[in-house]
Amino acid sequence: MSQVRVLGELAVLDDVGPARRGRAYPAVGATSALLLPAAVLLGGLVLWPVLRTMHASVTTDGRWVGAAHFRTALAAPGTGAVVGRTVLWALLVPAVVTALGYLLAAASRRSEEGGLVRLILLVPVALPLVVTGVTFRLMYDPDPSRGLATLVATRLAGRSVEDAPQLLGPGMVTVALMSAFVWAWVGLAVLVFRSALDAVPPSLADAVRAYGGKRRHVLWDAQWRPLLLRTTAVVFALVAVGTSRTFDLILVMTPGSVRDEASVLALRIWQTSGGTTTGDGAALGVVWLVAVIGGIMVAALFVRQAWPPPPVEAAPEPAPVAPPRRVFRLLAAGAAIAWLVPLAVLVATSAHGRVDAAARGWWSAPPNGESYRNLVTGTELWRTLGFTLLLATAVTATVLVVALLAAYPLAWLTGPAAQATGLLLLAASVVPIQVIAGPVNEVLGLVLSSGTAQGLALVHIALGVPFAVLVLRNAFADLPVEQVRDARLGGRRWWHTLRRLARHNRSAVVAVSVLEFVQVWNDLVVGRLFGGPGSFPLGPFLAEQTRSFVSNSGALAASSVLASVLPVVLVVLSRRHLVAGLVSGGVR
C-alpha cells in the first residue's frame with residue numbers, strides 16, 4: 001500500500017486482492033523481523049534438538065556407528081510388543097473415537113436435548129489426562145468394594161469377590177487405558193462432526209431421494225462422499241497424534257507391576273533416556289518421530305486443498321430438517337449418562353475422607369467433606385495452583401503475540417512456499433517432547449539454569465508456537481478481501497493493520513488462547529522433564545500423589561476436582577469459538 005498526492009489531496013493506492021496476494025506484505029525487512037521470534041524458538045528448541053537426536057541415534061561419543069543403536073534398541077526384550085502396542089493405539093483408538101464421534105454428532109443434532117448431550121461429552125476434553133487417569137483408576141480398583149467398574153464386572157460375570165476380574169491386570173490394562181482415552185476424546189470429535197454436518201446442504205439428500213436413493217445412498221452420496229470423508233480424515237489424524245500423550249494415562253493409571261505390559265514408545269523412550277540423550281533412546285525416538293510425522297503428512301496430503309483457500313460465499317439459511325429418529329436420540333442421551341458416571345465417581349470419592357475413601361467404596365459411606373477441608377486449610381495445593389496459573393497465563397500471552405507476528409506475513413505467501421510452510425509448521429507441532437528432551441535440556445543449560453520456571457515456560461512456548469501460527473495463518477488467509485482492504489486503509493502502521501485483522505479473527509484468537517492455556521495447565525510430561533523444586537506445576541504435583549494411590553485416594557480426588565474447574569469452565573464457555581477457530585484454521 002502506498003500514499004501519494006493526487007490534485008493536492010492524499011490518496012491511498014491499495015494493492016490487496018486475490019490475484020496479487022503474493023506481493024510483499026508487509027515489506028521484506030518487516031517480514032523478517034516479524035518472523036524472527038518464532039524462527040529462533042523453533043530453530044533452537046525444536047529443529048536443532050531433532051537434528052541432535054538424529055545425530056545421537058547413529059553415533060557414540062561423536063563416532064559414527066551406523067544402525068547399531070537401532071539394532072540394539074529394537075532387539076531389547078519387549079520392544080516388539082511396545083512397538084506393536086503403539087501401532088494399535090494409533091489405529092484402533094482413532095477409529096473408535098471417529099466412529100463414536102460421528103454417530104453421537106448425528107444423533108444429537110437438531111434436537112432439544114442435543115445441546116445438553118454435547119455439553120456433557122465436552123467436559124472430559126478439558127480435563128487434564130492426569131485427572132482422567134485418576135478417575136478411571138478409581139473405577140477400575142481391583143477390590144470390588146472400592147472399584148465401581150470392577151464390582152459391576154464381577155456381578156455380571158457371576159464371580160466371587162475373591163475371583164473378581166482385574167481390569168488393571170496384565171490381560172486387560174491396555175483395554176482399560178484405551179477406554180479412558182476414548183472417554184476423554186470423543187467430545188472433540190463430536191464437535192467437529194457436528195460442525196461438518198451443519199455445513200451439509202439438505203438439498204443434497206433431497207436430490208439423492210429424488211433419484212430413488214435409499215437411506216444408505218443418502219448417507220454415502222449426500223454426506224460421506226462429498227463432505228465428510230475429509231472431516232473423518234482430520235478427526236482420525238488429530239486423535240492419532242493425540243495418542244502420543246498416552247504417557248500421562250499409563251503413568252497414572254497403571255500399577256508399577258503391570259506397567260511394562262501397558263508400555264508404548266512414549267513411555268519406553270522416557271524410561272530409556274529420561275531427560276538426557278542416549279544412543280538407544282535416540283534410536284527409538286527417531287523411529288517414533290518418523291512414524292508420527294509421516295502419519296500426519298499422509299493425512300495432510302489426503303485432505304489438502306488449494307492455497308490460498310477459495311473465497312467462501314455466504315450460505316443460504318438452511319431449510320428446517322427433522323431431528324433424528326427417537327431411538328437415535330435415546331442412544332445419544334444414554335451415552336451422555338454413561339459419560340457422567342466417571343465424573344460422578346471422582347466427585348463422590350472426593351467428598352470422603354482419607355480412611356473412608358481408602359477402605360470402601362463411595363457408595364458405602366456418607367460424604368463428610370474431610371478431604372476438601374484438609375486441602376483448603378493447607379498451602380501446598382494453592383501454591384501449585386498459583387504457580388500453574390501464572391505459568392499458563394504468561395505462556396499463553398507470549399505464544400499469542402509470537403504467533404500473531406509470524407502468521408501475519410505468512411498468510412500472504414502463495415504457491416509451493418505456502419504449502420511447504422504449512423507442512424513444516426504441521427510437522428513441528430507434532431514432535432513428541434520425549435524425543436527431543438535431551439537436546440532441549442542442553443539448550444536450556446546454555447541459556448538458563450535447568451529446572452527453572454523460565455526454562456519451563458520457554459519449552460512450553462516453543463511447543464505451542466507452531467500450532468498457533470498454523471491456526472492464525474489459515475484464519476488470516478480466510479479473511480475476505482474487503483476486510484483486509486479496510487484494515488489496511490484504516491491503519492497507519494502495519495501493527496495497526498494487524499490489530500484490526502486480529503479483531504476479525506476473534507474465533508481463531510480465542511481458540512489459540514484457550515487451547516494453549518489448557519494445554520499448559522493440563523501438562524504432565526513437560527513439567528516432569530523440565531520442572532524443578534521451584535517450578536513444580538499441577539500435572540507433576542498430582543502424579544506424585546498417585547504413588548500411594550489407595551491410601552491417598554480421597555485427597556487425590558479432591559485435588560483433581562479443584563484442578564479441573566478452571567479448564568472445564570474455559571472450554572465450556574468458549575466452545576463456539578473453539579469449534580469455529582479450529583474448523584476455519586486448525587484442521588484445514
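For reference, positions follow the sequence shown, starting with 1. Since we're looking at a predicted model, the values are computed, not measured.
- Residues Val58 and Val286 are not in side-chain contact: their nearest non-hydrogen atoms beyond the backbone lie 4.5 Å or more apart.
- Judged by distance alone, with hydrogens and angles left aside, the side-chain atoms of Thr546 form a donor-acceptor pair with the main-chain N or O of Ala543 at under 3.5 Å.
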Would you give me the side-chain donor-acceptor pairs under 3.5 Å for residues 424-433, sequence neighbours excluded?
{"unit_1": "Ser429", "atom_1": "OG", "unit_2": "Leu425", "atom_2": "O", "d": "3.3"}
{"unit_1": "Ser429", "atom_1": "OG", "unit_2": "Leu426", "atom_2": "O", "d": "2.7"}

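- A donor-acceptor pair under 3.5 Å is absent between the side-chain atoms of Ser263 and the main chain of Arg259, judged by distance alone.
- Counting only distance, with no hydrogens or angles, the side chain of Arg575 and the backbone of Val572 share a donor-acceptor pair below 3.5 Å.
- Side chain of Arg473 to backbone of Ala418: a donor-acceptor contact under 3.5 angstrom is found.
- Here the side chains of Leu389 and Leu566 are in contact, with some heavy-atom distance below 4.5 Å.
- When atom types are taken as modelled, the side chain of Thr388 and the backbone of Trp521 share no donor-acceptor pair closer than 3.5 angstrom.
- A 4.5 Å side-chain heavy-atom check between Ser553 and Leu138 finds at least one atom pair inside the cut-off.
- Closest of all the heavy-atom pairs between Val258 and Gly169 is CG1-C, 4.2 Å.
- Side chains of Trp382 and Leu385 form a contact here, defined as non-hydrogen atoms less than 4.5 Å apart.
- Under the 4.5 Å side-chain criterion, counting only non-hydrogen atoms from C-beta, Val526 is in contact with Asp523.
- Residue Asn441 holds its CG atom at 11.0 Å from CG of Leu446, rounded to the nearest 0.5 Å.
- Between Ala475 and Ala508, the shortest heavy-atom distance links the atoms CB-CB, 3.5 Å.
- Under a cut-off of 6.0 angstrom, the local environment of CD in Glu380 is sparse, with at most 12 non-hydrogen atoms contributed by other residues, nucleotides or ligands.
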Donor-acceptor list for residues 63-71 side chains, cut-off 3.5 Å, not counting sequence neighbours:
{"unit_1": "His69", "atom_1": "ND1", "unit_2": "Asp280", "atom_2": "OD1", "d": "3.4"}
{"unit_1": "His69", "atom_1": "NE2", "unit_2": "Thr59", "atom_2": "O", "d": "3.0"}
{"unit_1": "His69", "atom_1": "NE2", "unit_2": "Thr60", "atom_2": "OG1", "d": "2.9"}

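- For the pair Thr246/Thr86, no side-chain contact is recorded, criterion being any heavy-atom separation below 4.5 Å from C-beta on.
- Looking only at distances, no side-chain donor or acceptor of Ser574 sits under 3.5 Å from a matching main-chain atom of His577.
- Only one option out of Leu444, Thr53, Leu45 pairs with Pro439 in a side-chain contact (heavy atoms from CB on, under 4.5 Å); it is Thr53.
- The backbone N or O of Gln545 sits less than 3.5 Å from a side-chain atom of Asn552, completing a donor-acceptor pair.
- Contact detail for Trp288 and Ala266: the closest heavy-atom pair is CH2-CB, 3.4 Å.
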Please report the C-alpha distance between Thr135 and Leu346 in whole Å, then the side-chain angles of each, then the deciding distance to 0.1 Å, and finally whether the side chain to side chain contact (heavy atoms under 4.5 Å, CB included) criterion is met. CA-CA 6 Å; Thr135 304; Leu346 179 69; 3.6 Å; yes

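- Applying the salt bridge (Lys or Arg N to Asp or Glu O under 4.0 Å) criterion to Arg85, with sequence neighbours excluded, gives no partner residue.
- For the pair Thr79 (side chain) and Ala76 (backbone), a donor-acceptor distance under 3.5 Å is present.
- Distance check: Leu381 CG to Leu375 CG gives 5.5 Å after rounding to the nearest 0.5 Å.
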Using the side chain to side chain contact (heavy atoms under 4.5 Å, CB included) rule, take Val510 and Leu578 through it: C-alpha gap first, then chi angles, then the decisive distance, then the call. CA-CA 7 Å; Val510 171; Leu578 281 179; 5.9 Å; no

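- Closest non-hydrogen pair, Leu35 versus Ala406, comes out as CD2-O, 3.6 Å.
- To the nearest 0.5 Å, atom CD1 of residue Ile436 and atom CG of residue Leu51 are 10.5 Å apart.
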Please evaluate residues Phe181 and Trp89 with respect to the criterion ring-ring contact (aromatic ring centres under 6.0 Å, His included), reporting the C-alpha separation (whole Å), side-chain torsions for both, the decisive distance (0.1 Å), and the verdict. CA-CA 10 Å; Phe181 192 91; Trp89 269 94; 5.7 Å; yes

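- Considering every non-hydrogen atom in both Ala468 and Ala403, the closest pair reads CB-CB, 3.6 Å.
- For Thr31 and Tyr408, the side-chain atoms include no donor-acceptor pair closer than 3.5 Å.
- Between Trp412 and Phe476, the gap from one ring centroid to the other reaches at least 6.0 Å.
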Should Thr384 and Phe536 be marked as a side chain to side chain contact (heavy atoms under 4.5 Å, CB included) after you check the CA-CA gap, both sets of side-chain angles, and the distance that decides it? CA-CA 7 Å; Thr384 305; Phe536 205 55; 5.6 Å; no

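- If you take OG1 on Thr72 and CG on Leu284, they are separated by 10.5 Å, rounding to the nearest 0.5 Å.
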Side chain to side chain contact (heavy atoms under 4.5 Å, CB included) between Glu516 and Phe467, intermediate numbers included: CA-CA 9 Å; Glu516 184 59 34; Phe467 184 70; over 6 Å; no

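- Contact annotation: the side chain of Pro567 never approaches that of Leu127 to less than 4.5 Å [non-hydrogen atoms, C-beta and beyond].
- When every heavy atom of Ser564 is checked against every heavy atom of Pro128, the shortest pair comes out as OG-CD, 3.9 Å.
- Contact annotation: the side chain of Arg137 never approaches that of Val252 to less than 4.5 Å [non-hydrogen atoms, C-beta and beyond].
- For Thr98 (side chain) and Ala95 (main-chain N/O), no donor-acceptor pair under 3.5 Å exists by modelled atom type.
- The main-chain N or O of Ala184 is never found under 3.5 Å from a side-chain atom of Thr132 such that the two would form a donor-acceptor pair.
- Atom CG of residue Leu542 and atom CG of residue Leu129 lie 12.0 Å apart, to the nearest 0.5 angstrom.
- Interatomic distance, Asn522 CG to Asp248 CG, rounded to the nearest 0.5 Å: 9.5 Å.
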